[in-house]
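For reference, the structure is listed below as structure tokens.
Computed from a predicted model, the values in this text were never measured in an experiment.
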Amino acid sequence: MDSLALHYHQRTKYSPETIAAKSKGLNFAQQPVPFKEYPVGQRYDLKPYLHAQQQESQSRDWRLWQRLSQLFFCTYGVTAKMVTLMGPPVFLRAAPSAGGLYPAEVYLLSRGTESLPAGLYNYQVQDHTLIRFWDQNVWPELEQCCFQHPALGVVDYAIVASAVFYRSAWRYQDRAYRRIFLDSGHLLGNLEIAGALTSFRPCLIAGFQDQRINELMYFEPTQEGVVSIMPLIDQERQRPLQRSGFTALPSESHPTYNFVEDGELLDYLHRATMIKTLVQSQPATAPNLDDKYNFPFCTKISMVTDPIPFNTGLRGLAQTLGKRRSTRAYTGADLTLEEVRSLLHFTYQPQEYADLGLDPDPDYCNCNLLETFIVVSGVEGLDAGCYYYAPRAQELRQIRFKNFRRELHFLCLGQDLGRDAAAVVFHTADLKRAVQTYGDRAYRYLHLDAGHLGQRLNLAAIYLNLGVSGIGGFFDDQVNEVLGIPTDEAVIYITTLGRPRQG
């Protein structure tokens with residue numbers, strides 16, 4: 001079965017033979033601005049509430065604003081300002097973004113309360129404010145766009161994340177679609193943690209009527225599109241919602257399609273992955289993760305461990321969100337086996353952190369469609385080589401015995417991060433199987449989930465004072481060939497881990 005998503009993935013692969021031809025010099029005169037401005041609208045300043053301490057005498061209204069201020073800051077707020085020689089300063093944010101391009105925009109939709117009148121609000125990142133740019137009740141239309149998702153029937157607020165395509169395409173051309181949804185997954189990972197910090201439970205809706213929601217948000221569809229919708233369950237006022245709603249829905253698959261030129265493929269795929277009408281989803285047949293890639297006589301290493309002891313609880317995680325940075329260089333020194341166990345445990349065993357106040361079952365589109373491979377170059381107690389990670393069995397299974405530092409340097413487009421990392425995590429997926437389940441829209445879901453998992457790796461690594469950096473650019477086919485990963489596993493995302501080089 002062919003599809004446009006498979007065609008897109010093949011067309012946007014990097015290879016040693018074609019990467020030079022696909023690489024274009026950047027036109028800094030056309031560099032996009034990573035912020036959206038609304039010249040007209042009512043502005044709500046969130047800064048006075050950001051660092052204020054909660055007091056019993058404070059009103060419910062004040063408490064709501066405090067929570068929303070922290071929620072937005074921890075999800076996507078500016079955490080540092082970096083001066084550059086080539087252009088305007090870069091405002092670093094709580095969520096990582098490929099190339100520091102930040103294609104995501106974040107919005108708040110209100111049903112209408114005493115604190116926040118009904119309408120559409122944009123989060124203004126530069127000055128940490130909300131601006132209400134539309135003042136009419138949009139909630140009935142929102143529910144229709146989301147096929148009457150039950151969460152929207154019981155909440156007052158919803159977060160909407162969008163992507164401004166050119167911000168990323170300016171540098172990465174058609175392949176930017178991959179990075180846009182990985183970046184959006186990072187944002188979802190932050191929102192999950194930020195929700196726990198502020199007593200909100202975000203419910204992910206990734207299946208919705210694209211055209212209707214984009215019209216509701218007043219987007220120019222060729223420039224900006226909704227990526228995800230997250231109703232906010234207020235856990236200070238209502239009971240947790242029973243999981244009766246859907247997260248992901250299928251779009252049509254396109255076994256036949258028109259050929260488009262390079263530079264037009266991103267927009268073509270995005271339009272093809274849109275949902276127009278509700279189609280019954282066929283649940284993905286989940287493999288037995290205890291058995292997949294369970295090779296006879298392979299070396300197996302238990303990854304069972306205790307939860308990371310966050311000494312200051314959720315406050316420690318909030319501080320981690322604020323100081324998160326992508327590592328620029330590693331020392332090449334080893335990690336300990338227990339550090340690797342802790343990283344995987346936090347990422348894949350969320351139920352073990354419920355006592356901390358984190359969601360024991362966070363929303364993903366469908367993590368059963370993703371697999372995890374780990375290449376070990378320097379971990380005390382582990383032989384160098386490529387391993388498959390089985391999350392339910394919590395064990396590593398060795399596929400190949402070899403130190404791959406040289407190969408990783410090549411596979412990651414000559415980036416020293418691949419060579420000097422102690423361990424490199426590869427998220428992969430069987431694209432044909434995913435498309436059979438969700439149509440071409442599966443391509444969005446795979447990258448959203450991989451980015452979400454990658455962000456959990458990010459936060460655990462930063463808390464443990466380790467280095468971490470995601471890589472979205474790599475030689476696709478050569479990864480499978482060199483590491484011995486089965487050819488039907490398409491590489492979606494790479495996360496490098498190691499000892500950070502100081503200075």
Would you confirm whether [X], through its side chain, and [Y], through its main-chain N or O, come within 3.5 Å as a donor-acceptor pair?
{"X": "D174", "Y": "L265", "result": "yes"}
{"X": "Q173", "Y": "R171", "result": "yes"}
{"X": "D420", "Y": "G332", "result": "no"}
{"X": "T327", "Y": "A329", "result": "no"}
{"X": "D449", "Y": "N366", "result": "yes"}

Please output the side-chain donor-acceptor pairs of residues 457-469 that fall under 3.5 Å, not counting sequence neighbours, one pair per line with the distance.
{"unit_1": "N458", "atom_1": "ND2", "unit_2": "G454", "atom_2": "O", "d": "3.0"}
{"unit_1": "Y463", "atom_1": "OH", "unit_2": "N311", "atom_2": "N", "d": "2.9"}

Quick one: sort the F346 and Y353 rings into parallel, tilted or perpendicular, breaks at 30° and 60°.
-> perpendicular

Nearest heavy-atom contact between H9 and V491 is CE1-O, 3.9 Å

In short, A94 meets R324 closest at the heavy-atom pair O-NE, 2.9 Å

Check salt bridge (charged side-chain N to carboxylate O under 4.0 Å, His left out) between [X] and all other residues, then give those that pass, not counting sequence neighbours.
{"X": "E215", "answer": "none"}
{"X": "E141", "answer": "R212"}
{"X": "R11", "answer": "D262"}
{"X": "D476", "answer": "R175, R178"}

Run the ring pair (Phe, Tyr, Trp, His ring centres under 6.0 Å) test against [X] and tell me which residues pass, sequence neighbours left out.
{"X": "W134", "answer": "Y218"}
{"X": "Y157", "answer": "none"}
{"X": "F474", "answer": "none"}
{"X": "H427", "answer": "none"}

Residue pair R444 / Y177, side-chain donor-acceptor N/O under 3.5 Å: yes

**Asked** Any luck finding a side-chain donor-acceptor pair between T273 and Y443 under 3.5 Å?
**Response** no

So the ring-ring contact (aromatic ring centres under 6.0 Å, His included) pairs with at least one residue in residues 186-212 (sequence neighbours excluded) are H186-Y493

Sorted by chain and residue number, the side-chain contact (heavy atoms from CB on, under 4.5 Å) partners of P221 (sequence neighbours excluded) come out as none

- Task: Please determine if R60 and E114 form a salt bridge, counting it only when a charged side-chain N lies under 4.0 Å from a carboxylate O.
- Result: no

Please determine whether a side-chain nitrogen of the Lys or Arg among D210 and R441 lies less than 4.0 Å from a carboxylate oxygen of the Asp or Glu.
yes

Step-by-step salt bridge (charged side-chain N to carboxylate O under 4.0 Å, His left out) determination, D183 to R179: CA-CA 6 Å; D183 282 358; R179 299 174 186 261; over 6 Å; no

The complete set of salt bridge (charged side-chain N to carboxylate O under 4.0 Å, His left out) pairs with one or both residues in residues 34-46, sequence neighbours excluded, reads K36-E224, R43-D127, D45-K47

Measuring only between side-chain heavy atoms, which start at C-beta, is M303 closer than 4.5 Å to Y348? no

